[in-house]
Amino acid sequence: MKLLVREVIDETLAALKAAGTLSFEAVPSYNIEVPKNLEHGDWSCNVAMVMSKAAGKKPGDIADAIIKGLVDRKSIVVSVEKAGPGFLNFRIKDAVFQAVAREVLKAGKTFGRSQPKSTGKKMLVEFVSANPTGPVHIGHARGAFMGDAISRLLDAAGHDVTREFYINDAGNQVETLGKTVYKRYQQLYGATVELAEGEYPAEYVIEIAKTWKAEVGDAFLAKPQAEWLPAAIAVGIRENLKAIRATLAKAGISHDTFFSEASLHASGKVKSIVDVYKARGVTYEATEGKRREKGEKVRSEDSNAAKFADRQLGGTFLMTATYKENEKYVLKDEEDRIILRADGTPVYLTADLAYHKEKFDRGYDLMVDVFGADHAGHVPRIQSGMTLLGFEPKKLQFVLVQMMRIVRGAEEVKVSKRKGTLFELSDLIDEAGADVCRFIFLMKTANAQFDFDLDAVKTQSKENPVFYFQYGHARCASVLKKAIEKGVPFVGAEALTEAQLGKLVLPEEKAMLKKMSLLGDVVTGAAEKLEPHHVLYYCQELIADFHSYYTKYKSDPIVSADVEKTQGRLAMVAALKHTLASAFGILGIEAPEHMEAPPEED
RNA sequence: GCGCUCAUAGCUCAGCUGGAUAGAGCAUCGGCCUUCGAAGCCGAGGGUCGGGGGUUCGAAUCCCUCUGAGCGCGCCA
């Protein structure tokens, strides 16, 4: 619908240019939007203001010229008015609104998704990537739902999306896991061994040890560490990943690929990326960490840098901050980073650089990393590292999910892996429901922190907005069901006549049809910005419109004795139902046909 | 000390690439169930968009600065 208005404007401008009325190089990008104020017409356009400079005329004069020379080949316009500082306000014929219903019905549940279905662009979204040392906990939840919704959004926008989980199965943490598993295993055989500081005290490790015992019996009890440790690590990772997948499945999330950090080491890709950097001349050897010059106070005394200073023995550094051969390298890192220790072993960053190189090598048009905000410092290093490999850094985008406080009412809930006081995502979903959790996280932009109130999400109250959404869809379903009961079922898109559609003339009906026509724009925009919440707020508006309409016209109901009008309205309700179902699918929440009555309260 | 992310109604948050009178939910108060689902609707109150400067036809939005909050600043991962 919006495209039709754009067509009119573009053709008018072209005609005015050809006639010499207006002279300009190119039409700058302008907006066509839904005015907030009904008096401002059906669609409002700022083109006259935007092109004021390019055309060398006042906005008002340009607007006048457009109105005077309007080219409306398809005859969709009722009137155009100049208003305010130079807005063009269009009123459009009812038939154009009514056509939206038919269009939606034709597209069905795929309405709003990209047409054509594929843009041919390959995209990778990496998210969750929880360490395989324990279950998915509440701290992962936001990034998990966000990454999933972004994936769904990119998919809806027509891109070819791969969802990836990066498994940090190398390094100290998994080694600690292996040691903990082994101690629990020994305990199962009656040994009195204590967990050391930093080992994982939580219950799930005991379960892993039990599983292990059931599989191998006492086979590893008398073995040396060189034998039991790799086995314990392997079983630990395997079981944790199994649990992680199960939890994610419960949350409606699944990944296409699981990429192992250990496999990078095993295949030699971590070592080889260092050689690549050396060959490109972007490394140097140093005996200690490079800091910014000038001698100003760089860090506080109690920083980790100071605390671990004795471990900083020098090694191979990557010039993530200082390399400046020419201007095409825009490096944002604060300081150069070590990629090989003095003993020649790689660090975490080295593997991560190899991992991202691997992603680039796979040939994606866009790669998205969903990170927790506590990893924000990691971003410029990777960006710099990829830039130094000659990759286009814009192809790699980061969505930083801000921290949230977990609260119960007014009280903050402390969550600590170390103390074993984990709050597992799985438990949260059991208590609150997957849709509710998902909804809470998707309502907010990623980069704003917020308080997650456990009390509020667990009650089926008004503070729990997901029900409002689902009720909107269920109500559409209910109306259609009612029509069947009354013997006037909706005839369907094919049998629907223009006369029936022609009965959709109420301003509320037109407003809803107009809004429905915008789903595709909302999806495209949200996908571009990697912000799913726009889709959610769109649904909220549409549903509010429907509830309001439904209530206002109770005395002139959708299903009435007027068969023609009934069919027209049913077409709109069916279209609305499809629109909502499609949008819900993009968000990943259920679109129920029926909902149970809420618990009684007084 | 430096960097990143924020600051909008009592609370939780939207506000698209600058546009017309800054929105929604919750909470509060007042109404609406004889007819398609009241998990709903209608109405009311509630705002110096953290403060101050600047850019321009026009700023919640862009720039600078100050204040306040969270996160980060390791040869851990």
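Chain identifiers are assigned alphabetically (A, B, ...) following the order of the sequence lines, protein sequences preceding nucleic acid strands; residue numbering begins at 1 within each chain. Only a predicted model underlies this, so the values are computations on that prediction, with no experimental measurement involved.
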*asked:* So that I know where these two stand, are Phe258(A) and Tyr166(A) an aromatic pair - ring centroids less than 6.0 Å apart?
replied: no
*Respond yes when some side-chain nitrogen or oxygen of Arg337(A) is under 4.0 Å from OP1 or OP2 of C76(B), and no when none is.*
no
*ring pair (Phe, Tyr, Trp, His ring centres under 6.0 Å) partners for Tyr471(A), two or more places apart*: His547(A)
*Listed by chain and number, what are the ring pair (Phe, Tyr, Trp, His ring centres under 6.0 Å) partners of Phe371(A), not counting sequence neighbours?*
Phe398(A)
_G45(B) and G70(B), which share atom name P, separated by this distance in whole Å_ = 36 Å
Just the atom pairs and distances: protein N or O near nucleotides 54-64 of chain B's N or O, under 3.5 Å.
none

*asked:* Check this one for me: any side-chain N or O of Lys554(A) less than 4.0 Å away from OP1 or OP2 of A38(B)?
replied: yes
*With Tyr538(A), which residues qualify under ring pair (Phe, Tyr, Trp, His ring centres under 6.0 Å), at least two apart?*
none
Any N/O pairs under 3.5 Å between the protein and nucleotides 41-46 of chain B? List them or say none.
{"unit_1": "C41(B)", "atom_1": "OP1", "unit_2": "Tyr468(A)", "atom_2": "OH", "d": "2.9"}
{"unit_1": "C41(B)", "atom_1": "O4'", "unit_2": "Thr551(A)", "atom_2": "OG1", "d": "3.2"}
{"unit_1": "C42(B)", "atom_1": "OP1", "unit_2": "Ser548(A)", "atom_2": "OG", "d": "2.9"}

Which pairs would a plain distance check flag for residues 338-355 of chain A, meaning a side-chain donor or acceptor within less than 3.5 Å of a matching protein atom at least two apart in sequence or in another chain?
{"unit_1": "Arg341(A)", "atom_1": "NH1", "unit_2": "Thr345(A)", "atom_2": "OG1", "d": "2.9"}
{"unit_1": "Arg341(A)", "atom_1": "NH1", "unit_2": "Pro346(A)", "atom_2": "O", "d": "3.2"}
{"unit_1": "Asp343(A)", "atom_1": "OD1", "unit_2": "Thr345(A)", "atom_2": "N", "d": "3.0"}
{"unit_1": "Asp343(A)", "atom_1": "OD1", "unit_2": "Thr345(A)", "atom_2": "OG1", "d": "2.7"}
{"unit_1": "Thr350(A)", "atom_1": "OG1", "unit_2": "Ile339(A)", "atom_2": "O", "d": "2.6"}
{"unit_1": "Thr350(A)", "atom_1": "OG1", "unit_2": "Val347(A)", "atom_2": "N", "d": "3.1"}
{"unit_1": "Thr350(A)", "atom_1": "OG1", "unit_2": "Val347(A)", "atom_2": "O", "d": "3.3"}
{"unit_1": "Asp352(A)", "atom_1": "OD2", "unit_2": "His378(A)", "atom_2": "NE2", "d": "2.7"}
{"unit_1": "Tyr355(A)", "atom_1": "OH", "unit_2": "Glu164(A)", "atom_2": "OE2", "d": "2.6"}

*asked:* So that I can compare with my own list, what are the stems of RNA chain B, taken as at least three consecutive Watson-Crick or G-U pairs with distances under 3.5 Å?
replied: B:1-7 with B:67-73, B:10-13 with B:23-26, B:28-32 with B:40-44, B:50-54 with B:62-66
*When the P atoms of U61(B) and A20(B) are considered, how many whole Å apart are they?*
13 Å
*asked:* With a cut-off of less than 4.0 Å, is there a side-chain N or O of Thr445(A) near OP1 or OP2 of A14(B)?
replied: yes
_Suppose we screen for side chain to side chain contact (heavy atoms under 4.5 Å, CB included). Which residues come up paired with Ser384(A), at least two apart in sequence or across chains?_
Thr320(A), Leu331(A), Asp333(A)
Review item, nucleotides 21-23 of chain B N/O atoms under 3.5 Å of protein N/O:
{"unit_1": "U21(B)", "atom_1": "O4", "unit_2": "Asn37(A)", "atom_2": "ND2", "d": "2.6"}

*Could I get the full list of ring pair (Phe, Tyr, Trp, His ring centres under 6.0 Å) partners for Phe127(A), not counting sequence neighbours?*
His255(A)
Please output the side-chain donor-acceptor pairs of residues 37-50 of chain A that fall under 3.5 Å, not counting sequence neighbours, one pair per line with the distance.
{"unit_1": "Asn37(A)", "atom_1": "OD1", "unit_2": "Glu39(A)", "atom_2": "N", "d": "3.0"}
{"unit_1": "Asp42(A)", "atom_1": "OD2", "unit_2": "Ile92(A)", "atom_2": "N", "d": "2.7"}
{"unit_1": "Ser44(A)", "atom_1": "OG", "unit_2": "Asn89(A)", "atom_2": "OD1", "d": "3.4"}
{"unit_1": "Asn46(A)", "atom_1": "OD1", "unit_2": "Asn31(A)", "atom_2": "N", "d": "2.8"}

_Once side chain to side chain contact (heavy atoms under 4.5 Å, CB included) is applied, do any residues pair with Glu564(A), and if so which ones, sequence neighbours excluded?_
Ala499(A), Gln500(A), Lys503(A), Asp562(A)
*asked:* With hydrogens left out and only the distance checked, is there a donor-acceptor pair under 3.5 Å joining Asp374(A)'s side chain and the base of A77(B)?
replied: no
